[in-house]
J.: 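Sharing a structure, written as structure tokens. Questions coming.
Sequence lines set the chain letters: A, B, ... in the order given, protein chains first and strands last, and positions in each chain run from 1.
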Amino acid sequence: MTGQLTAEAAYDAAARVVDPELPVLTIAELGILRGVRVDDSGCVEVDLTPTYSGCPALEAIREDVKDALRVVGAGDVSIRTILAPAWSTDWISAVGQRKLAEAGIAPPHPRGEGPVSVGISVRCPRCGSPDTQELSRFGPTSCTALRTCAACGEPFEHVKAL
Amino acid sequence: SDQERQFEALLAADERIEPRDQFPEGYRRTLIRQIAQHAHSEIIGMQPEGNWITRAPSLRRKAILIAKVQDEAGHGLYLYAAAETLGVSRAELLDQLHTGAQKYSSIFNYPTLTWADIGAIGWLVDGAAITNQVPLCRCSYGPYARAMVRICKEESFHQRQGFDLLLTLSRGTPEQHAMAQDAVDRWWYPSLAMFGPPDARSTHGEESAAWGIKRFSNDELRQRFVDMTVPQSEVLGLRIPDPHLRWNPDRGHYDFTQPDYDELFRVIKGDGPCNQQRMEHRVRAHEEGAWVREAALAYAAKHSREVS
Amino acid sequence: SDQERQFEALLAADERIEPRDQFPEGYRRTLIRQIAQHAHSEIIGMQPEGNWITRAPSLRRKAILIAKVQDEAGHGLYLYAAAETLGVSRAELLDQLHTGAQKYSSIFNYPTLTWADIGAIGWLVDGAAITNQVPLCRCSYGPYARAMVRICKEESFHQRQGFDLLLTLSRGTPEQHAMAQDAVDRWWYPSLAMFGPPDARSTHGEESAAWGIKRFSNDELRQRFVDMTVPQSEVLGLRIPDPHLRWNPDRGHYDFTQPDYDELFRVIKGDGPCNQQRMEHRVRAHEEGAWVREAALAYAAKHSREVS
Amino acid sequence: EPPTAVYAVRLGDDALILAQRLGEWISRAPQLEEDVALANLALDLLGQARMLLTYAGELEGFGRTEDDLAYLRDERAYTNVHLVEQQNGDFAETMARLLAFSTYQLLLYEGLARSTDETLAAIAAKAVKEVAYHRDHATQWVVRLGDGTPESHARMQAGLDRVWPFTAELFETDPLEKSLTEQGIAVDRTVIRQAWQEYVSGVVAEATLDQPTESKPTETRSAARGGRQGIHSEAMGYLLAELQHLVRSHPGATW
Amino acid sequence: EPPTAVYAVRLGDDALILAQRLGEWISRAPQLEEDVALANLALDLLGQARMLLTYAGELEGFGRTEDDLAYLRDERAYTNVHLVEQQNGDFAETMARLLAFSTYQLLLYEGLARSTDETLAAIAAKAVKEVAYHRDHATQWVVRLGDGTPESHARMQAGLDRVWPFTAELFETDPLEKSLTEQGIAVDRTVIRQAWQEYVSGVVAEATLDQPTESKPTETRSAARGGRQGIHSEAMGYLLAELQHLVRSHPGATW
């Protein structure tokens, strides 16, 4: 082992893990990586929070985080699942928002009251037109809705404000 | 004509064709057929996997399976929307599916007999699908290419989960290991057949290649799949049911036994184990849902009048 | 009148009234009501027990259960035929059942939640039924009395099988024993309620007694059932869920807690756990079978014409 | 495993699974007489299954009882044909299946009653009389429904059409059965097909129905292939879940 | 058992069993969007069930996992309400149930998010947002179907009428929950009934439907009584057979 693993290095390694359901984002950009601690013996403890209660990707993420940390020299890695404060789309970082748009996925609006953000148009991530309509309020993954653009015809996903 | 030259120029430059561009009718028809078949495969594919949702043996696996089937429905929606950019409605495409005029992937005409089949589908069927689809991410038609980018990423996750399911079984009790091996035994050749008939017997190939829709031949993709899958089977500790499978250092590829293409053609023509069941299930869901769709339209019509 | 005197004389001599005898309209109505209710109870009673046919835990028990439910259908047939000797058709009686105008035994409005319930029904419910029915073997109406002789013999066999089922559970694993005890806990009071309201609150009693249809009061029969059942529970090793149950040497009977008659009346009025389910099940079977019965009639009509 | 045990399990599984399906009908029949009749049929088949599975267990010599075989095998170890595991459908479909199966079973048992295996011969001889009633019952209903009302005619035809593709599997043989046949133990399935076809065709004609054109004698539809090797349709798993759940929930218990 | 564990199992069982029922819909929905939506609902409920059952297992201290609780209890140990175990019926009935249940669950979780039990509070806070979507989805469909075509109106009314008698059980409490409520751990079910009634009545009115007259606040129909004590309807056993069969067939295996 080459020297002691620092908390920064451990965080950076964990932060690079991507979300398997929205693979354009890392778990740090998605806002579900809540903390990384390293003790004197090189054991790492990581706090993760699920995006939604039934998120079946969390187990895969846990495995990936463990692998990523072992690669950088961590000893035992333990992952804690933190429920509070609950994740919301507000936790997606500015970089994350930009990467979503670049990947053709409309980022979420800031979260308002109630489950449905009324009145704010969702812009087409491809042509920028605000003339888009909801095709399905539930998308392939639980945090997205499916929309189409009336201007360019593009179907696209929109991360719902949660 | 100018339009044709422009189209050819875009293709030659490896640029994307977009919905508002001009393109030949044959290109449009070929794309519609391919995207529709892909969309149909996603929604019919929900059935064999949905068959195990209520019976999944852990809550985690149940959640993974539901999420996967949800993805498939979502992919179906996404792909029908991509097809709609070519001027054909989802309702029309569903009609074509229900009357048998358009096909879906024959692989879904095999039954899921045990829980291990869910793993085998993830590992082998999704693996084959990805091998087929990755080149499509560079397909000449923009909306389809972009849809494939999203879909391939999710399929990779599914494949990984299928692999993980099988690995757990393979390393589990002797009964579980046997269950996993049995599933691989049954799904291996149908998965190889997913790449279509051998190039010598294939139709559609040349046009699709010229139009930048299909970039590799069936046999090339099949070989790529075998080369990728065999090492994974060793990690899994499961045997590929092919006595002639072996590494050929001269070719730099695995030699393998071809699937039974007569069986493939039989299944395509309708005589697979589940063809009738899958279509009946699909048509029943559609027909039993008719009153719901009508009600939604009636409600929308009423209330759009109120607003206007 | 002469007819009335003749009828009274037959009753007084404890002789059987036969279909071709003359008898008062009230006698006829009372008998129809009682036989119909009995017949309806047999066929509704098929449901809670039928609920476990596909899930019976050994092939022997499955066969016993199927045979028992078959007996019940057979008893139903037998009893409807007895009622028909009073000038009312089975179709009319079924209509009365389906519209709720005639009742069936309230006991069948409780669900069979576990396999042990099949045993409890055999032991307690059939036991109570036999206690009720044995005196009816001497009932004044000949066809009914003869039907009861046959039915009581088969019911005794069912009771013995129920007892045997419970005994096996009681002596089985701790989980099985608990399952048996739980079933007895749930079926004990509803079984006591099968004898109807206490004499003080009972209607119909006096007329039926005078006509030689009913020979013992509800409370007498209930006591007889308790006295018979308590020693059996000791053999079974199962506890009767009544803290006040004990032998009263002065009375020569067991003292026991009365069932909740308010609950009984609620269930009779329709608010039992399964009232709605039982009726829906029954009516659905009848309606879904309508085309079959019509076809049988149409065929018979066609071919009787051919013959004549 | 001894071939005769494998053979007995095949016959036993056919009877067991059809008994299970018929049992689902009870309290749901079109008329009370039919509740009695369907229960009777289920009971006969269950009785045959018990004798056959018990005998198979004895031949195996591993001490497996009829219940071990019925409740503690996984789906891939059941060797019944697809015909018997299909969902009941409506009454017409149930009767179409019963006609097909009981006609087959009667011919099979008639042959098996002359088996050199005395136990199989005795079981078959006893069952012949029961199954003759089954065939008679199915025949009457198929004729009545086919030649009844327009609705019943249409339903009967539809039921027959649905059931038909699953009948060819009844007559498929394999090396194991061929060898048993040569020893005089088993019945040659391919031989009884002719008599089956004649009887069923006669009933179909009397019922004013059309003979389904599908499925030549030599060709089994893929949808109904592999039952003897434990390849079943997706309906089978749900049937087994119901059948086995209680026993599986209490390992080692006796009932 | 610790009362909080009992309470968590009740909430977890409700979510688990409804997730199971919703899972049956997948690939059978009236349109593709709805397949996605129903899967999403099932997934959310399943996620809640997993967290609640895991927590209950921890509180018990016998080392039972979420899967031990979900797969290895007998029917009498499940404490869900009758509402969630009923068969799906048609799409209208499924939406009527979802409206009733999600409206209840939203109020419950909103209250529970302020629980003095931090884990329950965190689980609830997370679930509130999901369930708000469920209620919204159900509301939209009930209104659309109620105010759609004559057929959809009739079906929606029938669905509502069928579901209604099962709703009162949602608001039944008992000494265990009363005590937990006093400690600030549980939510007083009797209190949220008023808000539930108001919301549901509003939706029913907007959907041009009649409010079912049955079931006064103080009275639960016998058909829907006892779920918390493990008394279920006959539909429950079949649901559990399907849910558990595979796990029960392989004792001790991990999946």
J.: Determine, stepwise, if the pair E/I26 / B/Q70 fulfils side chain to side chain contact (heavy atoms under 4.5 Å, CB included).
T.: CA-CA 8 Å; E/I26 298 169; B/Q70 182 188 354; over 6 Å; no
J.: Quick one: what part of E/E34 sits under 4.5 Å from any heavy atom of chain B, side chain, backbone, both or neither?
T.: neither
J.: I would like to know whether B/H286 and E/Q31 meet side chain to side chain contact (heavy atoms under 4.5 Å, CB included); could you show each step before the answer?
T.: CA-CA 7 Å; B/H286 191 72; E/Q31 55 192 27; over 6 Å; no
J.: Given that the side chain runs from C-beta out, which part of E/H245 has a heavy atom under 4.5 Å from chain B: side chain, backbone, both or neither?
T.: neither
J.: Looking at every heavy atom in both B/A295 and E/T149, which two are closest together, and how far apart are they?
T.: CA-CG2, 3.8 Å
J.: Check each atom of E/R248 against the heavy atoms of chain B and say whether the ones under 4.5 Å are side chain, backbone, both or neither.
T.: neither
J.: Below 4.5 Å from any heavy atom of chain E, which atoms of B/V292 appear? Answer side chain, backbone, both or neither.
T.: both
J.: Please determine whether side chain to side chain contact (heavy atoms under 4.5 Å, CB included) holds for the pair B/W52 and E/L246, giving the CA-CA distance in whole Å, both sets of side-chain angles, and the decisive distance to 0.1 Å.
T.: CA-CA 10 Å; B/W52 283 91; E/L246 181 55; 4.2 Å; yes
J.: Could you measure the distance from the NZ atom of B/K302 to the CZ atom of E/R144? Nearest 0.5 Å is fine.
T.: 13.0 Å
J.: How long is the straight-line distance from CG of E/D35 back to CD1 of B/I43, given to the nearest 0.5 Å?
T.: 8.0 Å
J.: For the residue pair E/Q244 and B/R55, establish whether any side-chain heavy-atom pair is separated by less than 4.5 Å.
T.: no
J.: Let's test your reading of the structure: which of B/G289, B/P57, B/A298 forms the most heavy-atom pairs below 4.5 Å with chain E?
T.: B/P57
J.: Given that the side chain runs from C-beta out, which part of E/L46 has a heavy atom under 4.5 Å from chain B: side chain, backbone, both or neither?
T.: side chain
J.: When heavy-atom pairs shorter than 4.5 Å are enumerated against chain E, which of B/S58, B/G172, B/A63 gives the highest number?
T.: B/S58
J.: Can you tell me how far the CD atom of B/E288 sits from the CZ atom of E/R28, to the nearest 0.5 Å?
T.: 9.5 Å
J.: Give the intermediate values and the outcome of side chain to side chain contact (heavy atoms under 4.5 Å, CB included) for residues E/L243 and B/K62.
T.: CA-CA 10 Å; E/L243 174 71; B/K62 190 189 286 278; 3.6 Å; yes
J.: Measuring from atom OG of E/S27 to atom CD1 of B/I44, what distance do you get when rounded to the nearest 0.5 angstrom?
T.: 9.0 Å
J.: Of the listed residues (B/G74, B/A290, B/A56), which shares the most heavy-atom pairs with chain E below a 4.5 Å separation?
T.: B/A56
J.: Among B/R282, B/E175, B/R60, which residue has the highest count of heavy-atom pairs closer than 4.5 Å to chain E?
T.: B/R60
J.: Is any side-chain heavy atom of B/Q176 closer than 4.5 Å to a side-chain heavy atom of E/W255?
T.: yes
J.: Using non-hydrogen atoms and a limit below 4.5 Å, what part of residues 61-72 of chain E faces chain B?
T.: E/E66, E/D67, E/A70, E/Y71
J.: Can you name the side-chain hydrogen bond (donor to acceptor under 3.5 Å, both in side chains) partners of E/E242, sequence neighbours left out?
T.: B/T54
J.: In terms of heavy-atom pairs under 4.5 Å with chain B, which of E/N40, E/V247, E/L239, E/D90 leads?
T.: E/N40
J.: I'd like to know whether CD of E/E1 has more than 12 heavy-atom contacts from other residues, nucleotides or ligands below 6.0 angstrom.
T.: yes
J.: Out of B/M46, B/H281, B/R61, B/E294, which one racks up the most heavy-atom pairs below 4.5 Å with chain E?
T.: B/H281
J.: Look up atom CG in E/L32 and atom NE2 in B/H75, then write down how far apart they are to the nearest 0.5 Å.
T.: 11.5 Å
J.: Quick one: what part of E/A29 sits under 4.5 Å from any heavy atom of chain B, side chain, backbone, both or neither?
T.: backbone
J.: Could you grab the distance from atom CE of E/M156 to atom CH2 of B/W291, nearest 0.5 Å is fine?
T.: 7.5 Å
J.: Counting heavy-atom pairs under 4.5 Å to chain B, which of E/H153, E/R155, E/H250 comes out on top?
T.: E/R155
J.: So that I can tick it off, tell me whether E/E33 and B/R90 are bridged by a salt bridge, with the cut-off set at under 4.0 angstrom between side-chain N and carboxylate O.
T.: yes
J.: Sort out for me which of E/R21, E/E24, E/E151, E/Q20 touches chain B most, counting heavy-atom pairs under 4.5 Å.
T.: E/Q20
J.: Can you tell which of B/L65, B/I53, B/L59 has the highest number of heavy-atom pairs within less than 4.5 Å of chain E?
T.: B/L59
J.: Please determine, among E/V143, E/L53, E/L16, the option with the most heavy-atom pairs under 4.5 Å with chain B.
T.: E/V143
